[in-house]
Amino acid sequence: MSYDLVVIGTGPGGYVCAIRAAQLGLKTAVVEKRKTHGGTCLNVGCIPSKALLHASHMFEDTREHFAHLGIGVTPPTLDLKQMQVFKQEGVDGNTKGVEFLLKKNKIDAFLGTARIAAAGQVEVTGEDGSNQILETKNIVIATGSDVTRLPGIEIDEKTIVSSTGALDLDTVPKRLVVIGAGVIGLELGSVWRRLGSEVTVVEYLDRILPGMDGEVAKNFQRILSKQGFQFKLGAKVTKAEKTKSGVTLMFEPAAGGSSESLEADVVLVAVGRIPYTQGLGLDELGVQKDNRGRILTDAHFSTNVTGIYAIGDVIAGPMLAHKAEDEGVAVAEILAGKAGHVNYDVIPSVVYTSPEVASVGKTEEELKAAGVAYNVGKFPFTANGRAKVNRTTDGFVKILADATTDKVLGVHIIGAEAGNLIHEAVIAMEFGASSEDIARSCHAHPTLAEAVKEAALAVEKRAIHM
C-alpha cells in the first residue's frame, strides 16, 4: 500500500491533518492505536471532561441558584451512573463523527500500533499480532501526550487516579486531593466539588495556573476558595500511601520544612503531560528530541529525518487540541505545496471552570520581562448589565496594549462565557488591531461582550460604565 501521507495518531492534530491533506488531493492514511478515533481529547480528555463540567454545573445551579430565579424545585438528587452515561454518549457521538469524516474524505484508517521502520515506511501491528507495511512519501507524527507521573506514586485509577480515572469514578469521593493546580486539576476538581467532594489542591509552586497572568490567577484562586476549594501552595508531595479508607498523602514545603499529611478517599495526580513517542522507533531512525522528550522540528514541522514531520503535543508549544489542529492544517498545506502557517502569538487558552478563565497573547509578567511598555484596560463584570441580571458578576476583562502603537498584545478574561468571549480578542489580534479598534466597534446590548469593549475603552481611561 502506497500513500502520499501517513499520519500516526487520530487525535485533533492527526485527523484534521489527514482531512486537510485529502482535501488537497494527497492519498492519505491514518494509524490509530485505540479502537476509536479522536485521541486523548475526544476519548478521555476535552470532550468527556466538558460533559461532566456541564452536567455538574447544571446540578449545582439547580441546587443553589434556581430559587433566586423564582424557580421552585425539589432538591435535586445525583444519579452518577446516568451522568456517566450522558458523558459516554457525548464521547461516542464525537468519535463516530471523526470516523465518518475520515470515510467521507476517502482516508484509509488502520487500527494498530505504528512503528516507523524507515523513512517512507510505517509498520502497523494489529491487536491480533498481524503486521503490514505502509509505503509513503511523507509521515506525520501526531501521537499526542501521556500523563506525567510522580516518582513513587503509583496510579491505579481507583484511589490514586490520573485524569482518565477521575472521569470514571463510580462514587463521589468525600475527600478529593488534587496534586497540581493547572487546568486539568482545577477543572476536574470543580466537577467533583459541585457533586459533593471536599477538594484540596496541593501545588508545588506558590500560585495556581502557572503561565497565566498573575493578577488573573490570584483573583481566580479567591473565587475558587469562596466556592470551597482548599489550597496548599508551595508544597512538595513526597509520598502517597494507600490505606483501608483511602490514601494518606504526605507533603512538605517546597522550600524545605516539616512534613504534613492529608487524608483522602481519592487522589488525582494532575501535574502535567509528556510527549508520547514510545514504540515509534525514533531513536533507531536518529530523530532528534529535546531534553523534555519533545521532537525537534523546523518552521515547516520537519524533523531532521527527511520525510518525517511532527505536530501537536509531541513538539514544543502549548499542549492544546486547537494548537495541534492548526499545525495539522499547516503541515498538510506545506506538503501540498502551499504556505501553511501557525501564528503562535495568538493561540487562546481556556479553563472551563465556573467562572471560566480565558487568555490570549502576552501576560503582564511576560511584557515586563521583555521590557515592553504597555497600557492596561480593565472592566469588571459587576458593572456589566447582562452579568448583573444573570447573577454572573465574578471576574473581569483585562486588555494589554502597546504603549506606543496601541496594538493589542494580550487579553485575559475571568467570567461567564470567557471561553467564547476570548475569540473576539483572537480575531482582533490576528489582524493586528489596536484597543481603539475594539473600543470603536459597536457591541450589542445587553451582552457580556460589552465588557470587552469597555476594557478596550479603559485602556485610555474612558470606560463608560465605571
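Sequence positions, counted from 1, serve as the residue numbers for this chain. Note that the structure is predicted; figures quoted are calculated from it, not measured.
Considering Met212, Lys218, Gln221 as possible partners of Arg207, the one that fulfils the side chain to side chain contact (heavy atoms under 4.5 Å, CB included) test is Met212. Screening Val237, Ile179, Val178, Val177 for a side chain to side chain contact (heavy atoms under 4.5 Å, CB included) involving Val269 leaves a single residue, Ile179. Partner Ile153 forms a side chain to side chain contact (heavy atoms under 4.5 Å, CB included) with one of Ile160, Thr238, Val267, Val271 and no other, that one being Ile160. Evaluated for a side chain to side chain contact (heavy atoms under 4.5 Å, CB included) with Glu32, the options Thr113, Thr10, Ile8 yield exactly one hit, Thr10.
Heavy atoms only, all atoms of each residue included: His412 and Ser359 are closest at ND1-CB, 3.2 Å. Pairing each heavy atom of Pro48 with each of Cys41, the nearest pair is CD-O, 3.7 Å. Residue Leu320 comes nearest to Pro348 through the heavy atom pair CD1-O, 3.6 Å, listed as atom of the first residue, atom of the second, then distance. Among all heavy-atom pairs drawn from Val147 and Ser163, the shortest one is CG1-OG, 4.0 Å. Annotation for Gly415 and Phe381: closest pair CA-CE1, 3.9 Å, computed over non-hydrogen atoms. In this structure, Ser354 and His57 approach most closely via the heavy-atom pair OG-CE1, 3.3 Å.
A distance of 7.5 Å separates NZ in Lys362 from CG in Leu367, rounded to the nearest 0.5 Å. In this structure, the separation between CG on Asp265 and OG1 on Thr243 is 8.5 Å, given to the nearest 0.5 Å. To the nearest 0.5 angstrom, Leu280 atom CG is 10.0 Å from Arg115 atom CZ. Interatomic distance, CG of Asp406 versus CG of Asp437, reported as 7.5 Å (0.5 Å rounding). Interatomic distance, CD of Glu89 versus CD of Gln84, reported as 12.0 Å (0.5 Å rounding). Between the CG atom in Leu195 and the OG atom in Ser190 there is a gap of 10.5 Å [rounded to 0.5 Å].
At distances below 3.5 Å, not a single donor-acceptor pair connects side-chain atoms of Lys289 with backbone N or O atoms of Leu296. Judged by distance alone, the side chain of Arg194 and the main-chain N or O of Leu53 form a donor-acceptor pair under 3.5 Å. No donor-acceptor pair closer than 3.5 Å links the side chain of Arg20 to the backbone N or O of Ala332. No donor-acceptor pair under 3.5 Å is formed between the side chain of Asn343 and the backbone N or O of Glu430. Panel note: side chain Glu203, backbone Ala181; a donor-acceptor pair is recorded below 3.5 Å. A donor-acceptor contact shorter than 3.5 Å is absent between the side chain of Glu454 and the backbone of Phe379. A donor-acceptor distance shorter than 3.5 angstrom exists from the side chain of Thr148 to the backbone of Arg273, with no hydrogens or angles considered. Under the 3.5 Å distance criterion, the side-chain polar atoms of Gln230 are left unmatched by any main-chain donor or acceptor of Thr200. For Thr143 (side chain) and Thr277 (main-chain N/O), no donor-acceptor pair under 3.5 Å exists by modelled atom type.
In this model, no donor atom of one side chain and acceptor atom of the other lie less than 3.5 Å apart for Gln288 and Thr303. With no hydrogens or angles considered, no side-chain donor-acceptor pair links Thr95 and Asn43 at under 3.5 Å. With no hydrogens or angles considered, a side-chain donor-acceptor pair links Tyr374 and Glu364 at under 3.5 Å.
Enclosure of atom OH in Tyr204 is not indicated, since only 12 or fewer non-hydrogen atoms of other residues, nucleotides or ligands lie within 6.0 angstrom. Counting non-hydrogen atoms of other residues, nucleotides and ligands closer than 6.0 Å to CE of Met466 gives a total above 12. When the shell of 6.0 Å around CZ of Arg294 is examined, it contains more than 12 heavy atoms from other residues, nucleotides or ligands. When the shell of 6.0 Å around CD of Glu127 is examined, it contains 12 or fewer heavy atoms from other residues, nucleotides or ligands. By the neighbour-count criterion of 12 heavy atoms within 6.0 Å, atom NZ of Lys242 is densely surrounded, having more than that number from other residues, nucleotides or ligands. Heavy atoms from other residues, nucleotides or ligands lying under 6.0 Å from NZ of Lys236 number 12 at most.
Salt-bridge check for Asp394 with Lys226: failed, with every basic side-chain N at 4.0 Å or more from each acidic carboxylate O. A salt bridge is absent between Lys453 and Glu424; no separation between the charged side-chain nitrogens and carboxylate oxygens falls under 4.0 Å.
Counting heavy atoms from C-beta on, the side chains of Asp170 and Leu80 never come closer than 4.5 Å. Looking only at side-chain heavy atoms (C-beta outward), Leu457 and Glu460 stay at 4.5 Å or farther from each other. With a 4.5 Å cut-off on side-chain heavy atoms, Ile141 and Leu282 count as touching. Looking at heavy atoms from C-beta onward, Phe231 lies in side-chain contact with Leu224 at the 4.5 angstrom threshold. For the pair Glu325/Val329, no side-chain contact is recorded, criterion being any heavy-atom separation below 4.5 Å from C-beta on. You'll find the side chain of Ile427 stays beyond 4.5 Å of the side chain of His423, heavy atoms only. No side-chain heavy atom of Ser434 sits under 4.5 Å from any side-chain heavy atom of Lys407. Counting heavy atoms from C-beta outward, Ser162 and Glu157 have side chains that approach closer than 4.5 Å.
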Item to complete: Check the pair Thr248, Glu263 against side chain to side chain donor-acceptor pair (under 3.5 Å), reporting the backbone distance first and the verdict last.
Response: CA-CA 5 Å; Thr248 299; Glu263 298 298 322; 2.9 Å; yes
Worksheet item: Run the side-chain contact (heavy atoms from CB on, under 4.5 Å) check on Phe59 and Leu78 step by step: do they pass?
Response: CA-CA 8 Å; Phe59 179 73; Leu78 176 64; 4.1 Å; yes
Item to complete: Step by step, work out the side-chain contact (heavy atoms from CB on, under 4.5 Å) result for Glu450 and Thr447.
Response: CA-CA 6 Å; Glu450 287 177 287; Thr447 61; 3.6 Å; yes
Discussion item. Between His37 and Leu42, is the side-chain contact (heavy atoms from CB on, under 4.5 Å) condition met? List the steps.
Written reply: CA-CA 8 Å; His37 298 292; Leu42 271 63; over 6 Å; no
Worksheet item: Could you walk me through whether His65 and Leu69 pass the side-chain contact (heavy atoms from CB on, under 4.5 Å) check?
Response: CA-CA 7 Å; His65 303 135; Leu69 307 179; 5.7 Å; no
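Within the cation-pi definition used here (under 6.0 Å to the ring centroid, within 45° of the axis), Lys33 qualifies as a partner of Tyr276.
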